[in-house]
**Student:** 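Below is the structure I would like to discuss, written out as structure tokens.
Positions are given from 1 along the sequence. Since the structure is predicted, the reported quantities are computational estimates derived from the model, not experimental observations.
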Amino acid sequence: VQLQASGGGSVQAGGSLSLSCAASGFSSDDYFIAWFRQYPGKEREGLTCIGRSDGNIYYSESVKGRFTIASDNAKNTVYLQMNSLKAEDTATYYCAGEGPRLKERVCQPSHPADFTSWGQGTQVTVSS
């Protein structure tokens with residue numbers, strides 16, 4: 001499995017950014033993609049997760065209402081639209097993927113240890 005993350009960058013507070021995660025190599029369409037972020041010296045925090053086959057979506061309370069996850073199944077790509085960004089959203093963002101081993105529990109909530117495939121991190125910097 002390969003996950004290719006892209007997007008990110010710098011934006012002023014209140015602005016928006018979009019991240020993409022292109023997935024390949026899963027043996028079936030039954031897999032889950034999650035977005036995490038990591039602050040320096042901290043553990044990765046699960047933000048949102050989507051089931052590729054059923055489209056079920058989960059959000060952490062920290063981003064609910066501001067971040068939106070979506071999947072373009074034709075492109076095997078998951079997007080993270082981040083709106084109303086705050087300085088505290090500054091972090092390195094990762095996408096992660098997992099097959100059907102844990103079913104939807106892998107998203108409820110998302111823990112880094114439950115995901116076996118990771119994209120490279122992409123930096124998001126929000127200036128106040």
Side-chain angles (χ1 to χ4, degrees):
V1 174
Q2 287 192 327
L3 300 176
Q4 183 69 38
S6 60
S10 298
V11 67
Q12 289 192 331
S16 298
L17 283 173
S18 180
L19 306 180
S20 300
C21 179
S24 61
F26 283 103
S27 58
S28 75
D29 291 339
D30 189 7
Y31 61 86
F32 301 84
I33 298 292
W35 285 97
F36 291 79
R37 67 184 174 193
Q38 188 171 27
Y39 301 112
K42 301 293 186 181
E43 293 187 355
R44 293 180 187 181
E45 171 194 7
L47 303 177
T48 180
C49 184
I50 187 168
R52 199 275 187 189
S53 61
D54 60 16
N56 287 338
I57 291 173
Y58 308 87
Y59 291 102
S60 71
E61 288 300 321
S62 63
V63 300
K64 190 178 294 184
R66 296 192 301 124
F67 291 11
T68 302
I69 191 171
S71 178
D72 183 337
N73 289 347
K75 296 182 179 179
N76 290 322
T77 299
V78 171
Y79 303 93
L80 180 65
Q81 177 65 36
M82 304 182 291
N83 298 328
S84 302
L85 284 163
K86 307 174 183 179
E88 52 263 42
D89 293 317
T90 296
T92 302
Y93 286 70
Y94 297 88
C95 62
E98 182 62 27
R101 177 175 59 95
L102 297 176
K103 301 185 184 298
E104 65 274 10
R105 297 193 304 277
V106 78
C107 288
Q108 300 172 342
S110 300
H111 296 293
D114 291 334
F115 289 82
T116 53
S117 301
W118 290 85
Q120 77 280 15
T122 184
Q123 179 67 31
V124 171
T125 301
V126 184
S127 57
S128 56

**Student:** Using 4.0 Å as the upper bound for N to carboxylate O, is an ion pair formed by K42 and E45?
**Tutor:** no
**Student:** In Å and rounded to the nearest 0.5 Å, what is the CZ to OG1 distance from R37 to T48?
**Tutor:** 11.5 Å
**Student:** Between S71 and N73, does any side-chain donor sit less than 3.5 Å from a side-chain acceptor?
**Tutor:** yes
**Student:** Shortest non-hydrogen contact from S60 to G46?
**Tutor:** CB-O, 3.5 Å
**Student:** Mind checking what makes side-chain contact (heavy atoms from CB on, under 4.5 Å) contact with T125, not counting sequence neighbours?
**Tutor:** S10, T90, Q123
**Student:** Do other residues, nucleotides or ligands put more than 12 heavy atoms under 6.0 Å from Q108 CD?
**Tutor:** yes
**Student:** With rounding to the nearest 0.5 angstrom, report the OG1 to CD distance, T92 to Q120.
**Tutor:** 11.5 Å
**Student:** Under the side-chain contact (heavy atoms from CB on, under 4.5 Å) rule, what do H111 and R44 come out as? Steps first, then yes or no, please.
**Tutor:** CA-CA 8 Å; H111 296 293; R44 293 180 187 181; over 6 Å; no
**Student:** Atom OG of S53 and atom CZ of F32: how far apart are they, to the nearest 0.5 Å?
**Tutor:** 6.0 Å
**Student:** Rounded to the nearest 0.5 Å, what separates atom CG in D89 from atom CZ in R66?
**Tutor:** 4.0 Å
**Student:** If you take all heavy atoms of S84 and S16, which pair is closest and at what distance?
**Tutor:** N-OG, 4.4 Å
**Student:** State whether the side chain of S117 and the backbone N or O of A96 hold a donor-acceptor pair below 3.5 Å, judged by distance alone.
**Tutor:** no
**Student:** Restricting to salt bridge (charged side-chain N to carboxylate O under 4.0 Å, His left out), what partner residues turn up for D72, sequence neighbours left out?
**Tutor:** none
**Student:** Do the charged groups of D114 and R105 touch, with an N to O distance under 4.0 Å?
**Tutor:** no
**Student:** Side-chain heavy atoms under 4.5 Å apart, restricted to Ile/Leu/Val/Met/Phe/Trp/Tyr: what other residues fall into the cluster of V126, or is it alone?
**Tutor:** V1, L3, V11, L17, L19, F26, Y31, I33, W35, L47, I50, I57, Y59, V63, F67, I69, V78, L80, M82, L85, Y93, V124
**Student:** For the pair Q81 (side chain) and S18 (backbone), establish whether a donor and an acceptor sit closer than 3.5 Å, ignoring hydrogens and angles.
**Tutor:** no
**Student:** Which atoms form the tightest heavy-atom contact between Y58 and C107, and what is the distance?
**Tutor:** CD1-CB, 3.2 Å
